[in-house]
Amino acid sequence: MQLQAFVALLSLLCAANATSEHHVRLGKRQNAGVVVASSSSSSGAPTTSITLAAASTSNSPVPTTPVGTTIPPLANITSGMATPSTVPISATYSAGATPLISGAPVLPTPFVFQAASWPAQDQIAPANSSEVSEWMQELDGFDIPDLTPTVDGTCVNDPAAAAQAASRGWWTCGGYTRVTDITACPNKLTWGVSFDDGPGFYSMELLDYLASKNLTSTFFVIGSRIVERPQVLVEEYMAGHEIAVHTWSHRPLTMLTTEQVVAELGWARKAIKDVIGVTPTLMRPPYGDIDDRVRAISLAMGMVPVIWTSTGNGATFDTNDWKVPGGVVTGSQSFATFESILTNATMLNTGFVVLEHDLYAQTVDLAIGYTLPAAMNFTPALTLDSIGRCNGIPSTNLYRESNTNTSFPYQNSTSGDSSVPSGSGGDSSSKTSGALSNAIMPISIVVTSLLAAGGSLLM
């Protein structure tokens with residue numbers, strides 16, 4: 001990748017003291033023009049105590065007292081568990097309400113979904129729309145690698161692409177990353193908390209829990225879910241959580257054409273912008289399925305890829321909570337995986353990012369009843385924070401409209417997206433390298449070294 005673009009990203013990540021900003025934003029939560037409504041228990045089910053699993057030797061014991069009134073015992077969190085009632089929206093925000101992000105526009109008019117104006121939900125977004133034609137112009141001036149799409153995003157069904165995984169930078173087959181990927185938090189024993197695939201029916205329960213613990217998270221949201229539950233996205237954003245792109249239909253991106261990748265990212269980005277008024281600068285590829293072509297497209301569209309942490313021996317920090325609703329694993333097995341993740345985290349020189357989800361009741365129950373409490377009670381003590389903040393990214397730089405760093409997103413004055421604010425573009429001759437970097441390391445490690453040296457960069 002061209003040095004100028006790389007330095008721009010490092011400058012972004014070293015631009016602010018995220019810890020102090022976190023406390024300021026938490027202090028503002030009650031002053032954002034919110035009207036609080038009373039809410040009742042989300043289920044009529046009897047309260048059930050959470051018991052300590054036998055023969056556990058982890059430093060993160062299962063809580064012995066209920067975290068909430070609806071959390072079932074760990075052994076009961078399975079694909080066949082009873083569906084709990086949902087928690088109602090706890091706050092309403094009117095158009096014109098001021099977000100916690102300095103310089104961000106006020107909330108737009110409440111979103112009303114009109115199916116004719118959007119792609120079919122949960123289907124690959126079509127590439128032949130006028131919107132996609134405009135978004136394709138954002139790739140002008142960028143060198144998008146000419147890599148053939150994979151068969152279906154898996155290694156087993158595309159052995160030819162799998163054999164070239166290292167040169168392609170294909171994460172799915174071998175865990176290959178580039179220095180432009182965020183895969184960890186720079187500080188040891190820091191967990192970059194995130195949840196994927198929402199907004200879900202049970203996201204409000206998670207939001208209530210996070211608020212009760214003064215925790216913030218990064219939510220990687222799907223366009224098809226946003227248009228179903230826009231008010232939940234508003235609640236996440238106005239509560240101070242970070243919002244990032246997770247595509248329109250949650251397909252493996254390496255299997256799609258370049259135009260389809262642009263459509264998947266563009267429609268999800270548009271849904272976010274229409275609902276909360278801002279355009280995210282972070283994205284996460286579904287299943288972590290990314291290669292150098294998808295990276296270049298994402299970066300050209302002003303979004304930095306975020307993946308969960310992997311160890312040198314190939315272990316990934318995936319809780320497998322998403323496998324519980326389908327009956328592939330049980331809640332107990334998923335939590336055991338999380339305990340292993342915490343053990344592995346103590347052996348890293350950096351912090352870490354974990355894959356969790358807020359789409360299903362099982363995954364939310366695991367988070368608020370088990371994984372989050374276990375992490376907060378872990379020895380040695382962990383710091384829990386959102387991914388942008390744990391990487392030192394100012395909250396303003398997480399959205400194009402409030403971004404004050406004119407070198408980020410990557411310079412591209414030929415953008416056809418009218419949502420790109422003036423000043424965030426630049427010299428259209430600036431390109432990402434087709435090969436990118438062959439370094440296989442999280443960018444957070446580089447940032448940590450720079451911060452230790454003073455955190456100053458020449459632009």
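Note that these values count all heavy atoms, side chains included, but never hydrogens, waters or copies made by symmetry.
Under the 4.0 Å criterion applied to side-chain N and carboxylate O atoms, Arg269 and Glu138 are assigned as salt-bridge partners. Arg284 and Asp181 are not joined by a salt bridge, as no carboxylate oxygen comes within less than 4.0 angstrom of a charged side-chain nitrogen.
Of the inter-residue distances, the one linking Gln137 atom CD with Met301 atom CE reads 12.0 Å to the nearest 0.5 angstrom. For the atom pair CZ (Arg389) and CG (Leu384), the distance works out to 12.0 Å, reported to the nearest 0.5 Å. Remark: Ile307 CD1 to Ile387 CD1 distance equals 11.0 Å, nearest 0.5 Å. One finds the CG atom of Asp292 at 6.5 Å from the CG atom of Leu147 (value rounded to the nearest 0.5 Å). A distance of 8.5 Å separates OG in Ser395 from CG in Leu100, rounded to the nearest 0.5 Å. The line from CH2 of Trp322 to OH of Tyr287 is 7.5 Å long, rounded to the nearest 0.5 Å.
Within the 4.5 Å cutoff, the side chain of Leu253 has heavy atoms near those of the Met283 side chain. Contact of the Tyr209 side chain with the Ile71 side chain is not registered, since no non-hydrogen atoms from C-beta on lie closer than 4.5 Å. Side-chain contact between Leu366 and Phe338 is absent, with no heavy atoms from C-beta onward closer than 4.5 Å. Looking at heavy atoms from C-beta onward, His246 lies in side-chain contact with Asp197 at the 4.5 angstrom threshold. Looking only at side-chain heavy atoms (C-beta outward), Arg225 and Asp122 come within less than 4.5 Å of each other. The closest side-chain heavy-atom distance from Leu265 to Thr247 is below 4.5 Å.
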So Glu264 and Ser249, side chain to side chain donor-acceptor pair (under 3.5 Å) or not? Walk me through it.
CA-CA 7 Å; Glu264 282 286 314; Ser249 69; 2.9 Å; yes

Stepwise side chain to side chain donor-acceptor pair (under 3.5 Å) test for Gln121 and Ser224:
CA-CA 5 Å; Gln121 289 177 256; Ser224 292; 5.2 Å; no

Hey, mind stepping through Tyr237 and Tyr93 against ring pair (Phe, Tyr, Trp, His ring centres under 6.0 Å) and telling me if it holds?
CA-CA 11 Å; Tyr237 175 60; Tyr93 299 88; 9.3 Å; no

Verdict with supporting geometry, Leu282 and Ile182, side chain to side chain contact (heavy atoms under 4.5 Å, CB included)
CA-CA 9 Å; Leu282 299 181; Ile182 295 176; 4.2 Å; yes

So Ser334 and Asp321, side chain to side chain donor-acceptor pair (under 3.5 Å) or not? Walk me through it.
CA-CA 6 Å; Ser334 175; Asp321 63 340; 5.6 Å; no

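Partners of Lys270 by salt bridge (Lys or Arg N to Asp or Glu O under 4.0 Å), not counting sequence neighbours, listed by chain and number: Asp274.
Between the Thr309 side chain and the Val353 main chain, a donor and an acceptor come within less than 3.5 Å of each other. Side chain of Glu236 to backbone of Leu207: no donor-acceptor contact under 3.5 angstrom is found. Between the Glu259 side chain and the Ala127 main chain, no donor and acceptor come within less than 3.5 Å of each other. Using a distance-only test at 3.5 Å, with no hydrogens or angles considered, no donor-acceptor pair links the side chain of Glu205 to the main chain of Tyr202. Side chain of Asp291 to backbone of Arg293: a donor-acceptor contact under 3.5 angstrom is found. With hydrogens and angles disregarded, no donor-acceptor distance shorter than 3.5 Å links the side chain of Thr218 to the backbone of Ser386.
Sorted by first and then second residue, the salt bridge (charged side-chain N to carboxylate O under 4.0 Å, His left out) pairs with a member in residues 350-368 form an empty list; sequence neighbours excluded.
Using the six-membered ring where Trp is involved, Trp308 and Trp171 have ring planes that are perpendicular, over 60° apart on the 30 and 60° scheme. Using bins of under 30°, 30° to 60° and over 60° for the plane-to-plane angle, the ring pair Trp118/Trp248 lands in the parallel bin.
Between Asn391 and Pro186 the shortest heavy-atom distance is OD1-CD, 3.6 Å. Listed here is the closest heavy atom pair of Ala104 and Val278: CB-CG1, 4.2 Å.
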